[in-house]
Amino acid sequence: MIEQDAKPFLYVVVCAAGVAADVGTLIAAAHRRGWEVGVIATPTAAADGFLDTAAVEELTGRPVRVGARRPGDPRPFPPPDAVIVAPATFNTLNKWAAGIADTLAVGTLCEAYGLGVPLAVLPCVADALAAHPAYQESVARLRAMGVRFGDPYTGEPEEGAGRREFGWERALDLLDG
């Protein structure tokens, strides 16, 4: 475990979406802006190859957290000064809005709200899923809780072009504004 210095500490919650492989872009940008970073991955993101855990640990100098620590184990991260969820999936956003804290990632999000920690989200949800009424209600509930949302990202190719870039740095901008 790295000792906390005077820098603010950012939790990055990473969900299982293809763009998760590029979370290092967010980590590097956060470091440039003066943040220390710890990553919490959903179980699927960590286990199914959505992110390179070793590379993320190299960038942050900390373990990627997936499961709860045992009683008496030291806390691997200091308390968060802010939390970013990127990419944020349909499943995670709906569970968070409903208060279903069945993973460390969602439990952390539920707790961060209760602590009054600033929360920013970059959704990565297919249009067909985003049309579901439960998702629309979840987004409305999270916005009412003060959660800051970036533009939705579907990952679908744009007409006449490739996929647009995922707005990793936008999440940091949301924390500033």
Side-chain angles (χ1 to χ4, degrees), residues 1-42 44-46 49-66 69 74-90 92-93 96-97 103-125 139 142-155 158 162-177:
M1 186 167 125
I2 295 174
E3 288 187 33
Q4 182 180 12
D5 58 21
K7 292 181 180 181
F9 201 87
L10 175 67
Y11 285 12
V12 174
V13 175
V14 180
C15 302
V19 295
D22 296 325
V23 72
T25 303
L26 174 58
I27 295 166
H31 286 163
R32 286 192 302 273
R33 294 190 191 192
W35 292 93
E36 284 293 323
V37 179
V39 173
I40 299 170
T42 63
T44 304
F50 285 92
L51 80 153
D52 181 341
T53 302
V56 169
E57 290 176 348
E58 177 80 19
L59 284 170
T60 64
R62 297 177 183 275
V64 171
R65 297 208 47 215
V66 178
R69 61 185 175 83
R75 294 182 180 272
F77 299 166
D81 293 295
V83 179
I84 290 174
V85 190
T89 59
F90 176 85
T92 295
L93 290 170
W96 178 18
T103 65
L104 176 64
V106 181
T108 297
L109 296 174
C110 291
E111 184 177 49
Y113 169 76
L115 294 171
V117 173
L119 295 150
V121 174
L122 294 180
C124 184
V125 177
V139 169
L142 292 169
R143 285 185 192 277
M145 292 166 50
V147 176
R148 302 165 191 171
F149 276 78
D151 293 333
Y153 180 87
T154 65
E158 294 181 340
R163 287 176 175 70
R164 70 179 168 90
E165 295 221 9
F166 191 69
W168 292 107
E169 289 199 46
R170 177 68 178 124
L172 294 164
D173 297 339
L174 290 167
L175 293 176
D176 292 338

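If you read the sequence from its start, that first residue is 1, and numbering goes on from there.
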For the backbone of [Y] and the side chain of [X], can you confirm whether one donor and one acceptor N or O come within less than 3.5 Å of each other?
X: R170; Y: L122; answer: no
X: R62; Y: V39; answer: no
X: T92; Y: A88; answer: no

So which heavy atom on [X] is nearest to which on [Y], and how close?
X: L51; Y: A41; value: CD2-CB, 4.1 Å
X: A120; Y: A171; value: CB-O, 3.7 Å
X: P87; Y: W168; value: CD-CH2, 3.8 Å
X: A82; Y: L175; value: CB-CD1, 3.8 Å
X: P76; Y: R65; value: CG-CD, 3.2 Å
X: V64; Y: E57; value: N-OE2, 3.0 Å

Any chance you could measure [X], atom [atom1], to [Y], atom [atom2], to the nearest 0.5 Å?
X: R69; Y: L104; atom1: CZ; atom2: CG; value: 10.0 Å
X: T103; Y: I40; atom1: OG1; atom2: CD1; value: 9.5 Å
X: H31; Y: T60; atom1: NE2; atom2: OG1; value: 6.5 Å

Exercise for review: Identify whether the distance between the nearest side-chain nitrogen and carboxylate oxygen of D176 and R148 falls below 4.0 Å.
Suggested key: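 Here D176 does not pair with R148 in a salt bridge, since their nearest N and O are not under 4.0 Å apart.
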Review point. After noting the C-alpha distance and the side-chain angles of W35 and L172, does the key distance pass the side chain to side chain contact (heavy atoms under 4.5 Å, CB included) rule?
Key: CA-CA 10 Å; W35 292 93; L172 294 164; 4.1 Å; yes
Review point. So do the side chains of V147 and Y113 get within less than 4.5 Å of each other, counting heavy atoms only?
Key: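 No. Closest side-chain heavy atoms not under 4.5 Å.
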Scan the side chains in residues 9-29 for donor-acceptor partners under 3.5 Å anywhere in the protein, sequence neighbours excluded, and list what turns up.
residue: Y11; atom: OH; partner: P78; partner atom: O; Å: 2.8
residue: T25; atom: OG1; partner: D22; partner atom: O; Å: 3.2

**Study point:** Residue pair W96, L119: steps toward the side chain to side chain contact (heavy atoms under 4.5 Å, CB included) verdict
**Key:** CA-CA 12 Å; W96 178 18; L119 295 150; 3.8 Å; yes
